[in-house]
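One structure is given here, and the rest of the page talks about it.
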Amino acid sequence: MSSKIWLSRRNVLRGLGVSLSLPWLESLSSSSSKALAQSTETPQVVRPVKRYLLMYMPCGVATAFWSPQGQGAGDAWKLSALLEPLMPYKQYLQVLSNVGQEALYNEGTNSNPSHSRYCAPTFSCTVPDTKAAILGGPTTDQIISAYVAPEHTPVFSVGLPVGCSTMNSNPDGRHPSISRSISWKKSNEPLYKEVNPQAVFDKLMVGYTPAGEVAPEAQAAAQLVKDRNLSVLDYVLDEANSLHGKLSASDRIRFDQFLGSVRQTEAQARLVGTSMPGGTTKVYTRPTLSAKYNDMRRPGTPVEGEGTYNRNDHAEVMNDLIAMAFEMNKTSVVTHMLDDARSEYHYNFLKERSFTQGSLTSVETATGVQSADQQGDLLGYHGLSHAGDNNNGFATVNHWFVQKLASLLGRMAAPTQADGKSLLDDTVILFMSGMRGSSHELVKLPVVLASNSPVFKKDQHHVFSGQMPLANLHLTLLQNGFGIDANVLASQAMTDQIGTVDPKLRYGTGIIDALLA
Amino acid sequence: MAAGCTAAIEGPGPGGSKPTETATPGPGPVVTEGIDPGRVGIHRLNNAEYDNTVRELLGTSSYPSDAFPLRGAETGINFDNTATALGMLQTQYEAYMNAAEALMAEAIASDAQRGRFMTCTPAIAGDACARQIIGTFGMQIYRRPLEAAEVERAMKVYDADIARNQSGTQAVGQALRAMLSAANFLYRIELDPEPSSLTPHALSSYELASRLSYLHWSSMPDAALFAAAQSGELLQPAVLEQTVDRMLADAKGSAFVQNFAGQWLNLRELFGHSVTPSVFPTYTPELADAMAAEGYQWFQDFLTQDRSLSEWFTADFNYVNGVLAQHYGFPAPANPDQLSKVQVTTDRRQGFLGLASFLTHTSVPSRTSPTERGYWVLSNLLCTTIPQPPGKVPDLKESASEEEIMQPSGSENVREQLERHRVDPGCASCHKILDPIGLGLERYDGIGRYRETYGNGETIIADGVLPEGATFSGPQELGAVLSKDSRFTACAANKLLTYALGRDVEAETLDLRTMQKLHEKWAARGLNLKNLIKEVVLSDAFRFRRGEPE
């Protein structure tokens, strides 16, 4: 098993140290960030919210312990036992009850629901194709990326999809991208999540440079690496452009993925050694945790996800990286899948909690999460979700997911910004599942909004009378948060919808005034 | 370079039937059967193919794909070499860039690796030596001769590095690195002379060489294949058949077993399969590895012994090491650390359906799932499409009600509960197809051990009636019934063609005639795997392609 270190341009920079802050080599850059910013300047649209984070629980929740007590604002409502970890952050929350998208599914000709088919459709509000990796349109994060990212940063123009998974999860007999990705650029283009914290970190470090004095030799070496990378990319692009015209229609579409990837890589390569907007003086340390999918284990190599691997460490370091990405202004959009849709990961590192219907708290027991069905079977995540809506094992996993939201809010609500603001002041977090619970239903979805933006109400539990279309929630965030007009949306060429879905179901019937301050 | 092996085909388009001949530069014509060959899209090397290719090309011992983000995500519906499922992401491309950089740095630093391409010593801009290396080694990187303009494009990269005061060796490495980062290396691209024409044309001999090498080795062509492509001999059917024999005999042929059988028979899934330790305390990683290894050996035995697939469900042999022998209740083998072939006739275990690998990965963690076993056999061995459940019935494996019904609770056993389940007309339509096969295998538990009673002492009844009317009692009779089912060999042919082409086979529509012809010729020749591979390789679908409408 090889453990050699790749001599990438990133490693060259890494070799110079991990603490960094000051811009350097600025004079060497022909296309500095300022020039880039100017070239993309567009008529100013008001975007009260700057950042968008999706956190996704794929299998619904133990519904018996989810719903908050009471409704309305402030003291009129209380967090449920599952939401209890959010107590310190209740002032930023809006919990939405009775949101669903059943109407949309009734529109589809083939509406057989499943875990995998809820992932992207939760954020694209479309009816997916059953077999092909086609989900009918971009997800909300990609719509926001397309509008907002060019104004902020060219680095992650497609956002940053991350997740916590290492198991070779069951793809439900469909293309695995469907159960393992919530971020889709187009109906046929999943943006796979990165589960390896080190890879996410390295990506964030592109363009940042070590603090303090940099020796001239090191500068020259870094410049040489950059020049040679660009020379390679020139060759690749030149060849690709000459190939493009020789391909047939469907191959050209797939080849465009390649061309787009190379162009993005080139844009990033040009940024190496330049300063970035919104730089921070904070020192970041490369995570020691490296996690991967274990699908192709060669005999004799260790199984990822066993031994020293700890899912809680994985989730916490992903939270660090999400906060870091926002702090560095490297992206406006992050999507975070807390697990795969058909994961059978055993959360036996968690102590099982005991929940009681009606109680607003739960009690940690002495034993690990290991049983839920009547036979005492050890069930994985997906199996637990089917063991009833009131089983402690599943509720314990849900509770842990909520803890991860809380720990991220802890990072994002702190006044870490140069102007004394917090990241949460201009971020909206949508924490939810695309299914209700063990029943696979598309109604009464668990939905939590967290933000400290003045645009939104705070400390609210909304119980909508009649089903509130999920699309209306998306529409409200897009339109009132990010200034993306619904009519523009509907007419965009990027909305490559399939089937015969009523656009009103897809784009919503109207914004939800109740959410707005 | 004498590249022009592309043969233009005159004659009928799709649906035409007149056999057509065409001139080729090599000896012997390329004959089409007049069947629409369909087309395969541009094919990004998957992770296994990438690793094997750079190891073959540069002599590295690394596995660069360990650092690729698409690890774990590049599985098609059938196989992970399905061209249309192999997309590209920016992060994946960046990983390719990094890998090419690291691979060339390693190659230049190693005398042994450098010797593969550094056949002269380049020093100055425009050096003829650099041009020669780019032409000859570039041919291996792109798996075909380079056009003059392509050599000049790479020379520009070389010259730019010389201008940056890099050594001639470094500059050549930089040019080769550019090629390793390029579409012509990362993708297998078969160009159509007229991309929008539906008229089939023969693949070039180099394109055919790549199809052969990625089918057999999941890797690039070797020197002998390149030579046969250059002379054009590869286009001859007799040479193609000899090539199949040679490639299967080569040590690299194990890639075919690993990647084709590993996916067709779901042997890879055992790595991710988990069981309930309290129910199956003897299930260990060593046992799971032995089960998977037996599955590979079983397939390999059919391949190398020219065993007819008509024996698939009845052949009475196993491959066991110490732990697997104990698991099956066999005598301990002489060498417990190594798999050896054994025949035990008293074990009530025969054929593929008796393999612990199959019986385990089709079970749920704590028990068998007859429905799951039946579903797997029907969809993977008989290529039968299971009708969609009516209305909004949840997925097969996910229904809460099914989970409940599978619990051996009260006095009902699994069979009785499933029978009750089938009374519901909504469920019956599928379950009367799915359940009999699985119930016939109930005498093997959730990790494939033979048993005659359930835990509560009740005798297991393994009788059944298949939807087609055949009756059986017990797994051996079930195997005998299935071995007469022509759907199995048709399905094996479908799976192999799918894998060989890297595209989904549409057996009912586009590929109907291809499949009919393939099955016919294979049956006439003898139903072993080598004959199947040869007939696939000789088929129009493998040797020809066409464009598509704009």
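Below, read A as the first sequence line, B as the second, and so on, with proteins coming before strands; counting in each chain starts at 1.
The residues B:Asp192 and B:Arg545 are annotated as salt-bridged, a charged nitrogen and a carboxylate oxygen being separated by less than 4.0 angstrom. Ion pairing of A:Asp251 with B:Arg39 is present here, as a side-chain N (NZ or NE/NH1/NH2) and a carboxylate O approach within less than 4.0 Å.
No part of A:Leu237 comes within reach of chain B, as not one of its non-hydrogen atoms sits under 4.5 angstrom from that chain. For a residue to count as touching a neighbouring chain, one of its non-hydrogen atoms must lie under 4.5 Å from one of that chain's; by this rule B:Ala149 does not touch chain A. Within the 4.5 angstrom heavy-atom criterion, only side-chain atoms of B:Gln166, from C-beta onward, approach chain A. Heavy-atom distances place no part of A:Ser385 under 4.5 Å from chain B, backbone and side chain included. Proximity to chain A (any heavy atom under 4.5 Å) is shown, for B:Leu180, by neither the backbone nor the side chain. The contact between B:Ser181 and chain A is made by backbone and side chain atoms together, counting heavy-atom distances below 4.5 Å. Looking at B:Glu286, there are no atoms closer than 4.5 Å to chain A (heavy atoms on both sides), in backbone or side chain.
With B:Ser65 as the fixed residue, the side-chain hydrogen bond (donor to acceptor under 3.5 Å, both in side chains) test singles out one of B:Asn46, B:Asp51, B:Asn47: B:Asp51.
A cation-pi arrangement, defined by a distance under 6.0 Å to the six-membered ring centre and an angle within 45 degrees of its axis, is present between B:Arg55 and B:Tyr63.
With chain B as the partner, the residue from A:Arg263, A:Arg254, A:Arg252, A:Lys246 showing the most heavy-atom pairs under 4.5 Å is A:Arg254. Between chain A and the options B:Glu548, B:Glu550, B:Glu150, heavy-atom pairs under 4.5 Å are most frequent for B:Glu548. Of the listed residues A:Leu259, A:Asn196, A:Leu224, A:Asp234, the one with more heavy-atom pairs under 4.5 angstrom with chain B than any other is A:Leu224.
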For this session: Kindly determine whether B:Lys156 and B:Asp159 satisfy salt bridge (Lys or Arg N to Asp or Glu O under 4.0 Å), including the steps that lead there.
Result: CA-CA 5 Å; B:Lys156 270 166 61 185; B:Asp159 287 348; over 6 Å; no
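Aromatic ring centroids of B:Phe185 and B:Tyr142 lie 6.0 Å or more apart.
The aromatic rings of A:Tyr381 and A:Phe394 lie tilted to each other, with the angle between the two planes from 30° to 60°.
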